[in-house]
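When a ligand or atom number is given, it counts from 1 through the structure's own listing order.
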Amino acid sequence: MISVFDLFKIGIGPSSSHTVGPMQAAHHFVARLIEEGRISRVASLKVTLFGSLAWTGKGHGTDKAVILGLAGEVPETVDPDAAQRLVAAVETEGRMLLAGRQPICFDPAADILFDRKAPTPRHPNTLSFTALDEDAAVIAAERWCSVGGGFVVREDAPADLGAITAPVPYLFANAVELLCIGRDAGLSIAAIVRKNEFSLRDEALVLDHVDRVIATMMQAIERGMRTEGALPGSLRVRRRAHALRARLESDTGRNDLAPHEKMDWVSLYAIAVNEENAAGGRIVTAPTNGAAGVIPAVLRYYRESCPGATQEGMRDFLFTATAIGGLFKTNASISGAEVGCQGEVGVAASMAAAGLAAALGCTNAQIENAAEIAMEHHLGMTCDPVAGLVQIPCIERNAFGAIKAISAASLAARGDGSHLVSLDQVIATMRQTGADMNSKYKETSLGGLAANFIAC
Ligand code: SF4
């Protein structure tokens, strides 16, 4: 089972696989040194980024994330402003406190290597850590994989990609099984997920997490709409959520507003979150950082624009989205480096479509239909971030993922849930399409827009 705690993680931008995951991996590596009583012998450290982490790690801030993880920070609690100061100090001084306690020599320019040639047998997002003593003898060496959505796994560990193996009341491996459980037990998808979550953790704790996720998503929208200026990185992309909001607000009194202009608000919410993500701000990985704007935008649309919207409806939205995201994670992938952007914005749109359908009171069959429609029309979408930054096409792409999700939910709600292509078939198609996709289009910035856009 994939939990709501795993799919919706509060963290920082800009990338779940290239920022959050590597930070977690570095933190785990250091935690083990502490656990085994070896940290006091460490005098220096080498980190190597392989595959996609090497190709786009600079733009995605992987090197900075590794420094933070080594310093003992974790994505959920790290203060984005303090993090920038900490990284700058390490870069200037060539020294750091490992886990905040052990002084070591660490010059990021020399000690973080970007190896684009070595093979990555387990996953394209691989990184290694080597801790050395004063005589440069190896104290510990580990290789980790960042497998998407902030999930990490040791390269030599069994195939544990974040799923919880503890027994839960309603275990399902695919959408057919999920629908059967719902039919036999007379439960909605959200109720099935709630019962599973409550069997593992205290009910109040689960609901508190879901409410904090909702609040963090809404805060990211607000901050994104308030902030002006250029985003970090070589492209000097200007933030546009602030101006867009001002324009939309000044238009609210117009009598000739066309119905489609409502969608500009949805775009605004998604753009605001993804600008925050690109700036390294506080966001919710949902299910990845590159796709972090889709679910908040649709959730906000539900809250602001759907009659009868409630907090319970928002919770059901996220519980339902968890079930759908879990199916994609276990039966395909949510890693852009593995299957392209269909696994990030595509999955987020599918989760959001299902969530909105649930919040609107759709049946389980209609919800499955909504999730299927939303992914069907993201199949084949490549990952080609310009200059290795999670900005173009990522920010705007989230707006379109959100709009597609709303249309998918609405279309499904007008049907009776019966349809030809099943969600399971679409998930299998997504996995196969991703496997066939040329690696140029899988978070390497070697193809697509990244290869054709020339910045002046
Ligand atoms: S193109 Fe999609 S998958 Fe690639 S970095 Fe951007 S949001 Fe992530």
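Among protein heavy atoms, atom 2 (Fe) of ligand 1 sits closest to Cys341 SG, 2.3 Å. For atom 1 (S) of ligand 1, the closest non-hydrogen atom of the protein is Arg397 NH1, 3.6 Å. Of the protein's non-hydrogen atoms, Glu344 CD, 3.4 Å is the one closest to atom 3 (S) of ligand 1. For atom 6 (Fe) of ligand 1, the nearest non-hydrogen atom of the protein is Cys394 SG, 2.3 Å.
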Glu197/Arg194 under side-chain contact (heavy atoms from CB on, under 4.5 Å): CA gap, chis, key distance, verdict | CA-CA 5 Å; Glu197 297 284 353; Arg194 279 176 189 252; 5.8 Å; no
Assess whether side-chain contact (heavy atoms from CB on, under 4.5 Å) is satisfied between Glu142 and His28, documenting all intermediate values.
-> CA-CA 10 Å; Glu142 289 179 3; His28 288 319; 5.8 Å; no
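In this structure, CZ on Arg143 lies 12.0 Å from CZ on Arg154, to the nearest 0.5 angstrom.
For residue Cys383, an N/O/S atom approaches atom 4 (Fe) of ligand 1 to within less than 2.8 Å.
Across every non-hydrogen atom of Ile283 and Ala292, the tightest pair is CD1-CB, 4.1 Å.
Of all atoms in ligand 1, listed by their number and element, those nearer than 4.0 Å to a heavy atom of Gly290 are 7 (S).
Although no hydrogens or angles enter the test, the distance criterion places a donor-acceptor pair under 3.5 Å between the side chain of Arg282 and the main chain of Val78.
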